[in-house]
Every structure is written in structure tokens, then in C-alpha cells.
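Lettering follows sequence order; numbering is per chain, from 1. In this text the structure is predicted, and so the values were computed from the model without any measurement.
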There are 2 protein chains.
Amino acid sequence: MKPCILLIEDDRDMRELVSGHLEHSGFDVQSADDGIKGQALALQYSPDLILLDLMLPKVDGLTLCQRLRRDERTAAIPILMLTALGGTKDKVSGFNSGADDYLTKPFDLEELQVRVKALLRRSERAPVGTTSNHHEILSYGPLTLVPERFEAIWFDRPVRLTHLEFELLHCLLQRHGQTVAPSLILKEVWGYEPDDDIETIRVHVRHLRTKLEPDPRKPRFIKTVYGAGYCLELPTGAQLEGLQDVLAQARQEREQKDQESRASA
Amino acid sequence: MKPCILLIEDDRDMRELVSGHLEHSGFDVQSADDGIKGQALALQYSPDLILLDLMLPKVDGLTLCQRLRRDERTAAIPILMLTALGGTKDKVSGFNSGADDYLTKPFDLEELQVRVKALLRRSERAPVGTTSNHHEILSYGPLTLVPERFEAIWFDRPVRLTHLEFELLHCLLQRHGQTVAPSLILKEVWGYEPDDDIETIRVHVRHLRTKLEPDPRKPRFIKTVYGAGYCLELPTGAQLEGLQDVLAQARQEREQKDQESRASA
DNA sequence: TTCCGTTTTTCAAGGCATTTTCAAGTGGGC
DNA sequence: GCCCACTTGAAAATGCCTTGAAAAACGGAA
């Protein structure tokens, strides 16, 4: 999971510059443009780190820093102050308000980035509970997903999946029985939502089918809902009877074919 | 108890200036004037914080920093770099070597003091002591690691390993069956987490494979998980049957090759 | 100190797995 | 029957991993 950074800064250009650069470096950045909103977002997201400008509307940075330190819910979050005030006095009062680091404008984005990393490295606190955990085992019916290895356990047999195949299956499994729209898949698996890339989804669905379906031509589990998306239908309970054999047989046939094609090659 | 600070700095005036000021502020300061002594004192005192100059005789600061980070006895100690090199590149490489803060000479003693306090403040909050003991014998399946000799017992035969090979294998063995991400390996074996050093991991994995795998071209034990990391898969119980012979044979072949190449050289 | 063998890091070239893209064919829904 | 969405097959592009070799750093001995 990307580290979450809260940027509290009133100057819009600066905000976009910094958040752009950090997002590009693999951080999840939330922004606030005044002290009040900043405090609210800090409580809402409990970010892994806070970048705090000192000259803020509503509540100034030093005050906000002290408040964050007093509230136990935010007390442990590293704070990096980011300000035009470069005097020693300013820095001293910044650190005395509870800051962990202090960077003077104008600063170098590279330096900001490494300082952010250094702070995250040291704090490294146990996650307070991000719920949608992509690293936990997810299981339903005959399907179990093991994020650790990008692997699916399918009717008691491990199936190796590629990164995207795994994410796609994960996305469908979380909504098994529901039809999942392409746009939603794109947002969740690929991280963006354009209009045209539905093409790639199709290809990956096909890959999944060849790996999981007994007969990829006639999908039993990963179904197409015409004009709407794809839907994962997994059998449970009594429906599972007999399927095991069908699967085993199909697997055998496929392995035979594989061997044949290898032999001819 | 006064917090103990280790100052590693070759310039005598600077040393006395800094240590005088810090002692006056209530710290217990130990000094070293080159990298070797610095490392020795770090182990001897295990200080609460290290002030590290970069331009040092014997061992330069960056190297020393990396060493301190990968020795578990000093890995958790906050390091503040103190140097005349103020370029962004220098700072980036400083932080990438594992520094927690970076101050450019000439600096203000007040600022140094508050930064020191900020680091101590944070490291107190941080959880102390991951108990994973690198000095105990660790064993699973056909593999046993003997830390005191940097040696692996692999199917009843000792295999000499270098320091890093040992640490790497140790890291994987502790998580056998799981895929270990490069970033985690870097953090655990090297002590820092830059972006690009994945290269060296690969080379060391290769070294391990040539020492352990029957056929390094087709890894049976140290597997790569494309785009995710490496995974140590060790056989147990019944799977061990027959493997012994395969290994022995492979070993013989390799020894033959070695002899041949020596003979030709 | 200087030299030499070992360990570790770096570099460039090549290979392979994955992912994307393209074009032609199939089949459902109106 | 027609259109459009979906499927199929295969090729192109991308990115990760391996290989081989050389440079750099390290540690110990002369």
C-alpha cells in the first residue's frame, strides 16, 4: 500500500508542484489549504506523514503542529515543516512545536523526497488498520487468492497468475455474483479510467479463462454480461460435487495438448 | 540518564565546538576522529544518536553509515549527517545511505541542537527491539544456517557463504514459502531502501543459486516471482527422497568442471 | 604502506514473461 | 439481417530478469 502523505499548504502552485512530484514518486497525497481543513484531514486519513506549511489561513502551522502532537490520534505522525522562514529562531520554534524536520523554501524536490523517505523509514509504525488489504488471503467457494505469491488455489490446485491477472481476479472475486463494469475494473486494477482501454481487459479475462475454465470457449465461472461487464459465478456447497472431476479431466486434456505441442516443437 | 551522542568528525576545532555545546546542553558526548574508531565506539557505547561527518579518514562517512545500518547492533540508531557538501546529489546519497537528517556546514549550533532533540524524540517513540536473532542457528528442511561461521549446511554438506550471501539467505529462510519483495530484502540485509539497488540483490541471488542449486539455470529452490521478488521453496518430508542423489551428482559435475577450468588456466 | 585475493557493486547485452495492440472472425440483441 | 460488442489469434512493445564480465571496495599479509 502506498504511504499516505497529507500536504497542508495554502499556495496553490506550491501544492500542485509538491503533490505532483510526490505522487509521481509513489505516494498517495492528500491536500488541504488551511489549518482547519488540515486538522480535519489528518484525523480522517491518519496519514503516514504530514507536510506542513507555517503560514496558513485559519490556524497557523505552529499552532496546528502543537495540536496534532497533543491529540493522541495524530501524536505519532511525523511532521515535516515546509516554510519560507529560514531563521534559526524560526527553526527552533518549529522543532519545539514538535516538528521532526524542517525545510526552507525554496527547496529542492529531490531533497524533500529523500527527507520524506527518511522520516517514513524511521517511523515505520504498525498500520492502524487499512481495511481493504490487498495482502490478505481472500477465499470464496473453490477459489482462494494468495497475494503473497500471485497465486490462486483453484479446486485444491495452485495456479500461477501474473500480476494483472491476479488483480483482475481479485477485483471480480470481491464482487462475486455481481456484474463488474469495465470502467470499475480499470479504476481498480489499472488505476485509471479512460474510455478505450477495455481492450486489454478482454485479453486478460481470456487469459484467466484459459487458466481456470475447463472449456474456455464456454465459460462456466467467468461469465460475460453482454454490454455490461464480467461476472464471477462461483459454485458453493452441493454445486461443488462432481465439478472436481470435470476440472481434473479438463486439466488432464490440457496437459496432454501441451505435451503434444511441445513434442512437435 | 543523559542521552549519549557519538560525534564522528576529523576536524578537531569542529569536534570541540560541537561536543562542548552539546555537553553544555545536557548530552553525554563521545568523539571519534576517523571512520574506524567511529564504528568501534558505536559498537562500544551503542549511543542514542550519531553525528557523522562525511569526509573522514580511513572510512568515509557514507560507507560508515551503510555499515552501521546493516549491523543489527547499530541499525536502529538515528544518524545525523554533518558535512560541507550541500548539493542535492550529496544529500540524496546521504539519505539513501540511511541517514535520518542532514545538516550542511556551516550550521547553527542552535539548529543542530533542536534537530538532535527532534531525532531523539522520535526514536524514543519508535518501537525498540525486533527480536529476530541473527545469532541463533536457523534450520528448515535440508537447510541449516550457522551464523557464527557464515555457513550453510545444505543436504548434510557445509557450504561456505559470504557475509551478504548469508544474510540474504537468512532473510529468505525466515520467510520460506513466501515471496520476499526486493525492498524488504534491501531493508533487512542492506539496511536501507533506495530505488535502484535491486541490481545487487540479483547478483547475490545468482551467487546463492550457483552454490546451492543443482542447475542454477533452472532454480528449484530459490525461485523468482516475476515482478514481485524471490521465494525460497524448500522440500520437506517425502519430497526429500531422491533429491539427495540429484544434488550429489550435480556437485560432482561441478567439481569436475572446476578442476578442468583450473587445469586449463 | 603496498600488494593480492576475496567480496561486493556496477554495467551492458541478451532473453524471456508479461502486457498491449491490432485485425479478422463470431455471435448476441434489436 | 444488421450492428456492435465480444472473442480469437498472433505480433509488437514493454519491462523484468539473467548472464557474463569488469570495476571497485575491502581485508589481510608481506
Side-chain angles (χ1 to χ4, degrees), chain A residues 149-150 160-169 179-183 185-186 189-192 194-211 213 215-219 222-231 257 261 265, chain B residues 35-36 39 56-67 69-71 93 96-97 150 160-169 179-183 185-186 189-192 194-211 213 215-219 222-231 261-262 265:
Chain A
R149 304 164 170 244
F150 295 114
R160 299 216 73 184
L161 301 176
T162 72
H163 189 80
L164 280 180
E165 285 164 10
F166 184 90
E167 293 295 338
L168 174 56
L169 188 53
T179 299
V180 188
S183 64
I185 297 179
L186 277 176
V189 178
W190 274 264
Y192 52 86
D195 315 301
D196 56 356
D197 272 22
I198 301 178
E199 195 62 24
T200 57
I201 295 182
R202 296 202 183 108
V203 179
H204 285 283
V205 167
R206 169 160 45 131
H207 289 160
L208 278 182
R209 294 216 256 236
T210 60
K211 289 187 178 181
E213 295 278 1
D215 180 2
R217 305 301 180 97
K218 296 178 181 175
I222 305 174
K223 300 205 170 166
T224 303
V225 182
Y226 196 95
Y230 293 92
C231 174
K257 282 186 189 170
S261 59
Chain B
I36 297 286
Q39 188 171 14
L56 287 173
K58 306 283 172 69
V59 176
D60 75 283
L62 285 181
T63 308
L64 179 54
C65 184
Q66 291 169 11
R67 284 196 199 168
R69 279 289 176 255
R70 61 189 185 215
D71 186 329
S93 61
N96 281 342
S97 297
F150 293 111
R160 289 212 59 190
L161 300 176
T162 71
H163 188 80
L164 280 179
E165 284 164 10
F166 184 89
E167 293 295 338
L168 174 55
L169 188 54
T179 299
V180 188
S183 64
I185 297 179
L186 278 176
V189 178
W190 275 264
Y192 50 89
D195 311 302
D196 55 358
D197 273 22
I198 299 178
E199 196 63 24
T200 59
I201 294 183
R202 296 202 184 110
V203 179
H204 285 284
V205 166
R206 172 162 40 134
H207 290 161
L208 279 181
R209 294 216 256 234
T210 60
K211 289 186 178 181
E213 296 277 1
D215 180 1
R217 304 302 180 96
K218 296 179 181 176
I222 305 175
K223 301 204 170 164
T224 96
V225 183
Y226 194 97
Y230 292 92
C231 175
S261 60
R262 271 179 215 150

Spacing of [X] atom [atom1] relative to [N] atom [atom2], expressed in whole Å:
{"X": "A:His204", "N": "C:dT19", "atom1": "NE2", "atom2": "C1'", "result": "5 Å"}
{"X": "A:Tyr226", "N": "D:dC3", "atom1": "OH", "atom2": "P", "result": "13 Å"}
{"X": "B:Leu62", "N": "D:dC26", "atom1": "CG", "atom2": "C1'", "result": "16 Å"}
{"X": "B:Arg67", "N": "C:dT9", "atom1": "CZ", "atom2": "P", "result": "12 Å"}
{"X": "B:Ile201", "N": "C:dT10", "atom1": "CD1", "atom2": "P", "result": "12 Å"}
{"X": "A:Phe166", "N": "C:dT19", "atom1": "CZ", "atom2": "P", "result": "13 Å"}
{"X": "B:Arg206", "N": "C:dC11", "atom1": "CZ", "atom2": "P", "result": "15 Å"}
{"X": "B:Glu165", "N": "C:dT9", "atom1": "CD", "atom2": "P", "result": "11 Å"}

Report yes if some heavy atom in the side chain of [X] is under 4.5 Å from a heavy atom in the side chain of [Y]; otherwise report no.
{"X": "B:Arg209", "Y": "B:Thr224", "result": "yes"}
{"X": "B:Leu62", "Y": "B:Asn96", "result": "no"}
{"X": "B:Ile198", "Y": "B:Ile185", "result": "no"}

- For D:dT7, does OP1 or OP2 lie under 4.0 Å from any side-chain N or O of A:Thr224?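 Checking D:dT7 against A:Thr224, a side-chain N or O does come within under 4.0 Å of OP1 or OP2.
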- Message: Below the 4.0 Å mark, does C:dA17 have OP1 or OP2 next to a side-chain nitrogen or oxygen of A:Thr162?
- Response: no
- Using the closest heavy atom to pick a nucleotide of DNA chain D for each, name whichever of B:Val205 or A:Val205 lands nearer the 5' end.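 Residue closer to the 5' terminus by nearest nucleotide: A:Val205.
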- Query: Taking the nucleotide of DNA chain D with the closest heavy atom to each, which residue, B:Pro182 or A:Arg202, is nearer the 5' end?
  - Reply: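 It is A:Arg202 whose nearest nucleotide is closer to the 5' end.
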When all nucleic acid strands are considered with a 4.0 Å heavy-atom cut-off, which category describes [X]: base, sugar-phosphate, or nothing?
{"X": "B:Arg217", "value": "sugar-phosphate"}
{"X": "B:Phe150", "value": "nothing"}
{"X": "B:Arg160", "value": "nothing"}

- Query: Between the side chains of B:Asp197 and B:Thr200, does any donor sit under 3.5 Å from an acceptor?
  - Reply: no
Closest to the [X] side chain, choosing from [options]:
{"X": "B:His207", "options": "C:dT21, C:dT9, D:dC17", "result": "C:dT9"}
{"X": "B:Leu164", "options": "D:dT18, C:dT18, C:dT8", "result": "C:dT8"}
{"X": "A:Trp190", "options": "C:dT8, C:dT20, D:dT7", "result": "C:dT20"}
{"X": "B:Glu199", "options": "C:dT10, C:dT9, C:dT21", "result": "C:dT10"}
{"X": "B:Val203", "options": "C:dT10, D:dC17, D:dC6", "result": "C:dT10"}
{"X": "A:Arg209", "options": "D:dC17, D:dT7, D:dT8", "result": "D:dT7"}

- Task: Step by step, work out the side chain to side chain contact (heavy atoms under 4.5 Å, CB included) result for A:Phe166 and A:Arg149.
- Result: CA-CA 10 Å; A:Phe166 184 90; A:Arg149 304 164 170 244; over 6 Å; no
- Task: Please name all residues satisfying ring-ring contact (aromatic ring centres under 6.0 Å, His included) with A:His204, sequence neighbours left out, ordered by chain then number.
- Result: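 For A:His204, the residues satisfying ring-ring contact (aromatic ring centres under 6.0 Å, His included) (neighbours in sequence not counted) are A:Trp190, A:His207.
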